[in-house]
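Inspection log for the structure reproduced underneath, given as structure tokens.
Per chain, numbering begins at 1; letters A, B, ... match sequence-line order.
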2 protein chains.
Amino acid sequence: MDEHTIARHLEDHGVRYTAARRAVVEALGSADGPRSVSELVAGLAVPQSSVYRTLAVLAAAGVVATHHGPDGVARFELAEWISGHHHHLVCTECGAVRDLVLTPEEEEHLGAVVAGAAGRARVSVEGHTLEIVHRCEECR
Amino acid sequence: MDEHTIARHLEDHGVRYTAARRAVVEALGSADGPRSVSELVAGLAVPQSSVYRTLAVLAAAGVVATHHGPDGVARFELAEWISGHHHHLVCTECGAVRDLVLTPEEEEHLGAVVAGAAGRARVSVEGHTLEIVHRCEECR
DNA sequence: TGGTATCATAAGAATGATTCTCATTCTCAA
DNA sequence: TTGAGAATGAGAATCATTCTTATGATACCA
């Protein structure tokens with residue numbers, strides 16, 4: 001969300017906040033869900049190879065997160081500390097992904113389920129995502 | 001689980017249950033989570049191209065389901081009507097996926113969350129998966 | 001202000017997973 | 001048994017992604 005916070009975060013990680021990186025961050029910030037590289041390239045006067053490299057840099061710095069939908073192509077979004085914790089609504093057909101924010105109560109229930117299951121499986125959780133699968137309007 | 005049920009299901013869909021398909025189904029049935037094509041090929045006297053084609057046929061017939069982990073490679077498992085409803089424990093690092101079964105109570109809570117969120121988003125749910133992200137033992 | 005080391009960019013080649021093609025083989029029903 | 005349609009296997013083709021390399025920009029130090 002806040003350009004300033006991101007700029008400082010990158011600076012702290014020794015990563016320059018260049019024009020190309022700014023453009024990618026802005027594109028991701030104004031999207032309503034994860035975006036694929038081809039979608040980004042289509043809307044962004046930045047060449048494909050640079051988009052890939054930029055995303056890799058931003059991911060390493062903890063600014064973007066990667067997601068793989070049912071069509072297998074990688075989609076990128078801002079990390080949750082920037083965009084807020086959320087989940088995904090995925091179309092089985094075309095793979096399009098929309099963000100989904102739960103209510104605090106829903107999130108609390110989900111958290112309890114995750115904690116319980118992870119405890120039983122003896123793993124320490126790093127995160128969780130709920131994917132709700134449906135078929136989007138365009139695909140029916 | 002039940003070979004017989006699968007055989008009948010395929011027959012009903014006009015799909016032959018050949019030796020190669022049987023081998024793939026058996027390999028998936030005895031795995032503790034989704035398997036990638038390379039893993040299947042390594043343990044299966046069936047050539048790579050046939051594994052891909054077989055998986056596509058089985059997926060179209062509703063016998064296998066596809067999953068894409070954080071490493072972007074496709075992993076396959078038996079459909080939930082065969083293996084039972086379950087969730088996934090995913091390693092951020094290597095992408096390995098293990099099945100995770102919730103208790104009935106946990107599943108009920110999760111179902112309520114999904115129904116509520118889907119209602120708000122005005123979509124009709126086809127399914128849901130909870131992914132718990134962690135780092136597996138080999139990767140630390 | 002110039003020099004230099006480091007970082008960033010862009011184009012295209014290389015890789016790796018997946019899909020397609022096509023010639024061959026198998027199966028089943030007539 | 002035979003013929004039509006289905007399945008197989010090898011390799012070529014495709015597509016997303018990563019790597020390489022040459023070039024350009026930036027920051028820092030004297």
| request: Kindly point out which of C:dT19, D:dT8, D:dT18 is positioned nearest to the side chain of B:Y52? | output: C:dT19

| task | Map every base of DNA chain D to its dot-bracket character, where paired means a Watson-Crick or G-U wobble contact with both distances under 3.5 Å and | marks a partner outside the strand. | result | ||||||||||||||||||||||||||||||

| task | List for me each residue that meets salt bridge (Lys or Arg N to Asp or Glu O under 4.0 Å) alongside A:R22, sequence neighbours excluded, and say none if there are none. | result |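 A:R22: salt bridge (Lys or Arg N to Asp or Glu O under 4.0 Å) contacts with A:E3.
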
| Tracing side-chain links under 4.5 Å among I, L, V, M, F, W and Y, which residues wind up in one group with A:V73? | none

| request: May I ask you to decide if B:G62's main-chain N or O and B:W81's side chain share a donor-acceptor pair within less than 3.5 Å? | output: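 A pair under 3.5 Å: yes.
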
Please write out each protein N/O paired with an N/O of nucleotides 11-14 of chain C under 3.5 Å, distance rounded to 0.1 Å.
unit_1, atom_1, unit_2, atom_2, d
C:dA11, N7, A:S49, OG, 2.9

Report all side-chain donor-acceptor pairs from residues 109-120 of chain A shorter than 3.5 Å, counting only partners two or more places apart or in another chain.
unit_1, atom_1, unit_2, atom_2, d
A:R120, NH1, B:V101, O, 3.4
A:R120, NH2, B:E106, OE1, 2.4
A:R120, NH2, B:E106, OE2, 2.5

| request: Give the B/S/- string for nucleotides 24-30 of chain C, one per nucleotide from 5' to 3', where a protein heavy atom under 4.0 Å of the base yields B, of only the sugar-phosphate yields S, and otherwise -. | output: ---B---

| query | What residue pairs, at least two apart or across chains, pass ring pair (Phe, Tyr, Trp, His ring centres under 6.0 Å) with a residue in residues 29-50 of chain A? | reply |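 Passing the test, one end in residues 29-50 of chain A: no pairs.
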
| query | According to the ring pair (Phe, Tyr, Trp, His ring centres under 6.0 Å) rule, which pairs have a member within residues 25-59 of chain A, sequence neighbours left out? | reply |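 Every pair satisfying ring pair (Phe, Tyr, Trp, His ring centres under 6.0 Å) with a residue in residues 25-59 of chain A: there are none.
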
Would you mind writing out the side-chain donor-acceptor pairs for residues 39-47 of chain A within the sub-3.5 Å range, not counting sequence neighbours?
unit_1, atom_1, unit_2, atom_2, d
A:E39, OE1, A:S36, N, 2.8
A:E39, OE1, A:S36, OG, 3.3

| said: Ignoring hydrogens, what is the shortest heavy-atom contact between A:P34 and A:R75? Give both atom names and the distance. | reply: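 Reported closest heavy-atom pair: CB-CB, 3.4 Å.
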
| Quick one: is B:T18 getting a side-chain N or O under 4.0 Å of the D:dA6 phosphate, OP1 or OP2? | no

| query | What pairs meet the salt bridge (Lys or Arg N to Asp or Glu O under 4.0 Å) rule with one or both residues in residues 80-90 of chain A, with sequence neighbours excluded? | reply |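 Qualifying pairs, neighbours excluded: none.
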
Calculate the interatomic distance between [X] atom [atom1] and [N] atom [atom2]; express it in whole Å.
{"X": "B:L10", "N": "D:dA6", "atom1": "CG", "atom2": "P", "answer": "15 Å"}
{"X": "A:H13", "N": "C:dC7", "atom1": "NE2", "atom2": "P", "answer": "16 Å"}
{"X": "B:L40", "N": "C:dA17", "atom1": "CG", "atom2": "P", "answer": "14 Å"}
{"X": "B:E39", "N": "C:dT18", "atom1": "CD", "atom2": "P", "answer": "11 Å"}

| Nucleic acid contacts - residues 63-76 of chain A versus DNA chain C, non-hydrogen atoms under 4.0 Å |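 Correct list: empty, so none.
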
Would you be so kind as to tabulate the donor-acceptor pairs closer than 3.5 Å made by side chains of residues 124-131 of chain A, with sequence neighbours excluded?
unit_1, atom_1, unit_2, atom_2, d
A:H128, NE2, A:H85, NE2, 3.3
A:H128, NE2, A:E107, OE2, 3.2
A:E131, OE2, A:H67, NE2, 2.7

| said: For the residue pair B:R8 / B:T5, report whether a side-chain donor-acceptor contact shorter than 3.5 Å exists. | reply: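 Distance-only check fails for B:T5 and B:R8.
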
| said: For the CD atom on A:E26, are there more than 12 heavy atoms of other groups (residues, nucleotides or ligands in this structure) within a distance under 6.0 Å? | reply: yes

